[in-house]
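Note that this is a predicted model, so its numbers are computed, not measured.
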Amino acid sequence: SVALAAYRWLVCHLLRESCMKLDNEKNSGKSDFECRNNSQVYYSRSSAIVFIEYNVLRRFHDFIHSSDTPINLQPVLERLCSLYGLWTLNKHAAVLYQGGYFTGDQPGRRLQNAILNLCAQLKDDAVALVDVLAPPDFILNSPIGKADGEIYKNLWAAVLQGKNVLERPAWWVEFCANKPSIGSMKSKL
């Protein structure tokens, strides 16, 4: 997978950069605490996040291609895995350009176009994917997200469950008592 290869490079690049930053901080004579503190924000933290995202992507990819995954689900899961990989990789595009993995404007555009194409391909499978991942209605507790498809009926039922929803608001009398007559208000311009 393209995203896996890019993530492997990104993990190695960020580890190398983190190590170089830590060594530079130590060579400048700072304490161990200051060295770690100064290298953590842009280097160590980013390296840890990228490593976790890479492992999630790699395990997802390995699961898709394992014998436990039904063959009829593999194409949809492959598209979903690719979308996740490219979408998370897109967040690190600046580092990919800084490190030299991306050059010019084409890689960034191709990455964005690939994400949009995968979204279009997954559009038809969206309901099935949500149904697979979605919790039951009583856990979801959303009137418009129920599985029965009765959006308006469920939404109206949820509105009616509120307290005093069919009564007039407390400010109603004040609004009606001081209401201006039609045509009495003139523009001051």
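- For the atom pair OG of Ser82 and CG of Asn117, the computed distance is 12.0 Å after rounding to the nearest 0.5 Å.
- The cluster map of Ile, Leu, Val, Met, Phe, Trp and Tyr, joined by side-chain heavy atoms under 4.5 Å apart, puts Leu160 and Leu155 in different clusters.
- Looking at Glu25 and Lys21, a side-chain N of the basic residue comes within less than 4.0 Å of a carboxylate O on the acidic one, giving a salt bridge.
- With hydrophobic clusters built from ILVMFWY side chains whose heavy atoms lie under 4.5 angstrom apart, Phe102 shares a cluster with Trp9.
- Within the 3.5 Å criterion, the main-chain N or O of Phe63 finds a donor-acceptor partner in the side chain of Thr69.
- Leu116 and Leu83 sit in two unconnected hydrophobic clusters of ILVMFWY residues. Membership requires side-chain heavy atoms under 4.5 Å apart, directly or through other members.
- Between the side chains of His65 and Gln74, no donor-acceptor pair is found at a separation under 3.5 Å.
- Linking Ile, Leu, Val, Met, Phe, Trp and Tyr residues whenever their side-chain heavy atoms come within less than 4.5 Å places Leu57 and Leu73 in a single cluster.
- Here CG of Leu10 is found 8.5 Å from OG of Ser47. Values are rounded to the nearest 0.5 Å.
- Side-chain contact check for His92 and Glu53: at least one donor-acceptor pair (N or O, by modelled atom type) lies under 3.5 Å.
- If you check the side chains of Arg110 and Asn113, you find no donor sitting under 3.5 Å from an acceptor.
- Within the cation-pi definition used here (under 6.0 Å to the ring centroid, within 45° of the axis), Lys91 qualifies as a partner of Trp87.
- Rounding to the nearest 0.5 angstrom, the gap separating the CG atom in Leu89 from the OH atom in Tyr84 is 10.5 Å.
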Check your understanding: Hey, mind stepping through Tyr101 and Val95 against side-chain contact (heavy atoms from CB on, under 4.5 Å) and telling me if it holds?
Key -> CA-CA 9 Å; Tyr101 191 81; Val95 178; over 6 Å; no
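- Here the straight-line distance linking atom OG of Ser46 with atom NE2 of His13 works out to 10.0 Å at 0.5 Å rounding.
- At distances below 3.5 Å, not a single donor-acceptor pair connects side-chain atoms of Asn90 with backbone N or O atoms of Leu86.
- The CD atom of Glu17 sits 9.5 Å away from atom CG of Asn24, with the distance rounded to the nearest 0.5 Å.
- If you check the side chains of Tyr97 and Thr103, you find no donor sitting under 3.5 Å from an acceptor.
- The number of heavy atoms from other shown groups lying within 6.0 Å of CZ (Phe51) does not exceed 12.
- Summarising the geometry, atom CG belonging to Leu22 is positioned 7.5 Å from atom CZ belonging to Arg36; distances are rounded to the nearest 0.5 Å.
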